[in-house]
Every structure is written in C-alpha cells, then in structure tokens.
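Written out below as structure tokens is the structure these notes cover.
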Amino acid sequence: MKIDVLTLFPEMFDGVFGASILGKAREKGIISLRAVNFRPYAGNRHNTVDDTPYGGGGGMVLKPDPIFAAVEDLLGGQAKEAEFLKPPRVILMCPQGETYTQKKAEELAREEHLIFICGHYEGYDERIREHLVTDELSIGDYVLTGGELPAMTVIDSVVRLLPGVLGNATSAVADSFSTGLLEHPHYTRPLDFRGWKVPNILLSGHHANIEEWRRRESLRRTLERRPDLLEHADLTIKEKEWLQSAHDQKASTEI
C-alpha cells in the first residue's frame with residue numbers, strides 16, 4: 001500500500017511513521033509512507049495557501065490550487081483540471097466528515113493508494129470537496145487544530161490490518177469492533193497479582209470452554225459499555241437469550 005499525506009507540517013509525521021507497527025511495516029516494504037508539504041505548490045511569490053472567504057466572515061480558507069497541484073503531482077499528472085480520475089482514495093480529514101469506524105478501516109485496507117489531506121485554518125474551499133476528494137472523515141465530534149492527528153489515527157488503524165504487519169494474524173481479526181463487539185478481557189503472568197487471580201477457565205486447557213467464556217465476556221462488556229453495538233451484532237439464539245438474561249439481571253440490581 002502507498003500512503004501519501006498532504007500537510008503543512010510534515011515533520012509531525014517523522015516519529016509516527018518511523019516507530020512501532022508503522023515503522024516495522026515500512027521496513028518490511030509492506031507500505032510506503034510519505035508526508036508532503038503542499039505549501040511549495042501554492043504557485044505564488046509568498047507560497048500563500050490560504051485566503052479570506054468570499055462573502056466575509058472570520059478565519060482563513062484553504063485555497064484549492066495548491067491542493068489540486070499537489071495531488072496531481074503525486075499522481076504524475078493523472079488528474080486534469082477540476083475533474084479527477086480516482087484510482088486512489090483521496091481522503092479529507094474534517095469535522096463534517098463521516099464518523100470513522102473499524103468498518104471503514106477495513107474498507108480502506110483493501111485499497112492500494114491512499115492520499116490524506118490535512119488542513120488548518122477555518123476550512124477548505126468547497127471545490128476541493130466537490131471535485132477532488134473521494135472521502136471525508138472525522139474521528140469524533142470535537143475540533144482539533146489540524147487534520148494531522150486524525151490522519152495518523154486513520155493510517156495506524158488501516159495499516160495494522162494489512163497482511164504481514166502484525167506478528168499474529170488473528171490479532172486484528174479479534175480486536176474490539178472488528179467482530180462488531182468489544183473485545184474480551186486479557187490476562188498474563190503472574191497468575192496471582194496482589195490477590196487478584198486469573199480466572200480458572202483460562203487455566204483449564206479446554207479450548208472450546210475458553211472460547212465460550214471469551215465470547216460471553218465480550219458480550220457482557222459490550223452490554224455494559226457499548227450496548228448500541230448489539231443492535232447490529234451477528235448473534236446466535238443462545239447468545240441472544242443469554243444477553244436478555246444478563247440484561248434482566250443487571251436491571252434488577254439497579255432497582
């Protein structure tokens with residue numbers, strides 16, 4: 001996978017792209033990561049990439065020309081004028097975008113080339129949205145200084161899904177949200193820490209029973225913390241009955 005990030009602050013990505021999972025994936029040649037400063041594409045004497053909004057109002061708006069020029073350069077001239085041929089996914093990080101989810105991460109992980117646009121200032125010229133980007137993403141209902149941190153979040157969540165990135169191929173599959181539920185609890189050594197012991201079921205060696213316990217704990221945790229996820233979860237009749245029983249028990253203790 002090839003990932004390009006258009007930003008006014010490419011130095012912000014140095015540590016993120018060179019460390020941990022992303023750094024290892026880069027070393028293995030699984031991904032190509034590049035942060036590109038789009039200011040040199042401004043095409044004016046002072047490399048100005050923003051301007052005041054038509055119609056008045058506060059703040060500055062990111063101009064379309066440097067963004068279009070930078071994307072076209074990344075694609076080697078594939079994009080022409082305002083109409084854009086879209087082999088890559090061009091992703092605009094913005095508060096008005098679609099709320100980012102694990103399902104979206106899995107969708108993007110199937111692509112070959114992602115281009116992220118990270119803005120600052122008041123916003124983007126609307127023609128960037130209308131004629132250049134394929135996706136607009138938001139990582140939550142809050143406002144950050146720029147799109148760099150959200151882009152890092154999305155990139156990390158996508159790259160870890162690529163084959164060969166994680167040491168254990170099942171790790172990403174069993175993550176919270178990948179199954180539609182929150183993940184079950186984990187335990188490791190020591191067996192007894194300050195009197196808090198590992199559940200006996202995990203020591204039994206009975207894999208079927210362990211998997212059943214993990215599934216139930218996943219259901220229990222989801223019920224307690226994110227019950228909204230259960231509305232779309234793929235559950236068996238037995239699991240639905242168990243959840244109803246757990247819900248009734250919880251309700252009775254709260255009375």
Step-by-step side-chain contact (heavy atoms from CB on, under 4.5 Å) determination, L62 to F38: CA-CA 11 Å; L62 194 62; F38 61 81; 3.8 Å; yes

Exceeds 12 heavy-atom contacts within 6.0 angstrom, atom NZ of K197: no

Taking every non-hydrogen atom, the tightest pair across S157 and A105: OG-CB, 4.0 Å

ILVMFWY cluster membership beyond I210 - transitive side-chain contacts under 4.5 angstrom: Y187, L191, V198, I201, L202, L203, W213

Same cluster (ILVMFWY, side-chain, under 4.5 Å), V61 and V49: no

Any L108 side-chain heavy atom under 4.5 Å of R89 side chain: yes

Rounded distance [0.5 Å steps], CD1 in I139 versus OG1 in T99: 10.5 Å

Donor-acceptor contact below 3.5 Å, side chain S218 vs main chain L182: yes

Exceeds 12 heavy-atom contacts within 6.0 angstrom, atom CD of E112: no

Residue list, ring pair (Phe, Tyr, Trp, His ring centres under 6.0 Å) with H232, at least two apart or on another chain: none

Ionic contact status for E211 with R214, cut-off 4.0 Å: yes

For the student: nearest non-hydrogen atoms of C118 and G147, plus distance: SG-O, 3.5 Å

Rounded distance [0.5 Å steps], CG in L243 versus CG in L219: 5.0 Å

Heavy-atom check, side chain of R26 versus side chain of I21, under 4.5 Å: no

Side-chain touch E212/R216, heavy atoms, less than 4.5 angstrom: yes

D228 atom CG, neighbour heavy-atom count above 12 within 6.0 Å: yes

Within 6.0 Å of CG in D192, more than 12 heavy atoms from elsewhere: yes

Derivation of the salt bridge (charged side-chain N to carboxylate O under 4.0 Å, His left out) call for R220 and E217: CA-CA 5 Å; R220 187 196 310 277; E217 288 302 308; 3.3 Å; yes

Cluster link Y142 to L149, ILVMFWY, side chain under 4.5 Å: yes

More than 12 heavy atoms from other groups under 6.0 Å of CD on Q249: no

Verdict with reasoning, V159 to L161, per side-chain contact (heavy atoms from CB on, under 4.5 Å): CA-CA 5 Å; V159 170; L161 296 174; over 6 Å; no

Distance in Å, S138 OG paired with Q96 CD, rounded so as to fall on 0.5 Å steps: 8.5 Å

Residue pair G164 / K28: nearest heavy atoms and the distance that separates them: O-NZ, 3.1 Å

Side chains of T153 and Y100, donor plus acceptor under 3.5 Å: no

Step-by-step side-chain contact (heavy atoms from CB on, under 4.5 Å) determination, L230 to H247: CA-CA 12 Å; L230 295 171; H247 180 270; over 6 Å; no

Test: E241 and K238 ion pair at under 4.0 Å: no

Sub-4.5 Å side-chain heavy-atom contact between M152 and I155: no

Criterion side-chain contact (heavy atoms from CB on, under 4.5 Å) on L114 and E111, from CA distance to verdict: CA-CA 7 Å; L114 303 177; E111 299 292 333; 3.8 Å; yes

Side-chain touch M93/I117, heavy atoms, less than 4.5 angstrom: no

Nearest-0.5 Å distance, CG of residue L33 to CG of residue L22: 6.0 Å

Closest approach of T134 to P88 (non-hydrogen atoms, all atoms of both residues): CG2-O, 4.1 Å

Straight-line distance of I128 CD1 to C94 SG, nearest 0.5 Å: 10.5 Å

K24 atom NZ, neighbour heavy-atom count above 12 within 6.0 Å: no

E224 side chain to R221 backbone, donor-acceptor under 3.5 Å: no

L162 CG to R110 CZ distance, which is reported to the nearest 0.5 Å: 11.5 Å

Lys/Arg-Asp/Glu bridge criterion (N-O < 4.0 Å) met for E107, K104: yes

Side-chain donor/acceptor pairs under 3.5 Å, residues 2-20, sequence neighbours excluded:
unit_1 : atom_1 : unit_2 : atom_2 : d
D4     : OD1    : R34    : NE     : 2.9
D4     : OD1    : R34    : NH2    : 3.2
D4     : OD2    : H113   : NE2    : 2.8
T7     : OG1    : F9     : N      : 2.8
T7     : OG1    : E148   : OE2    : 2.6

Non-hydrogen side-chain atoms of R226 and L229 separated by less than 4.5 Å: yes

Sub-4.5 Å side-chain heavy-atom contact between F68 and D125: no

Side-chain heavy atoms of L92 within contact of L137, under 4.5 Å: no

Neighbour count above 12 (heavy atom, 6.0 Å) for H186 NE2: yes

Over all atoms of both residues, closest heavy-atom pair of V165 and R160: CG1-CA, 3.9 Å

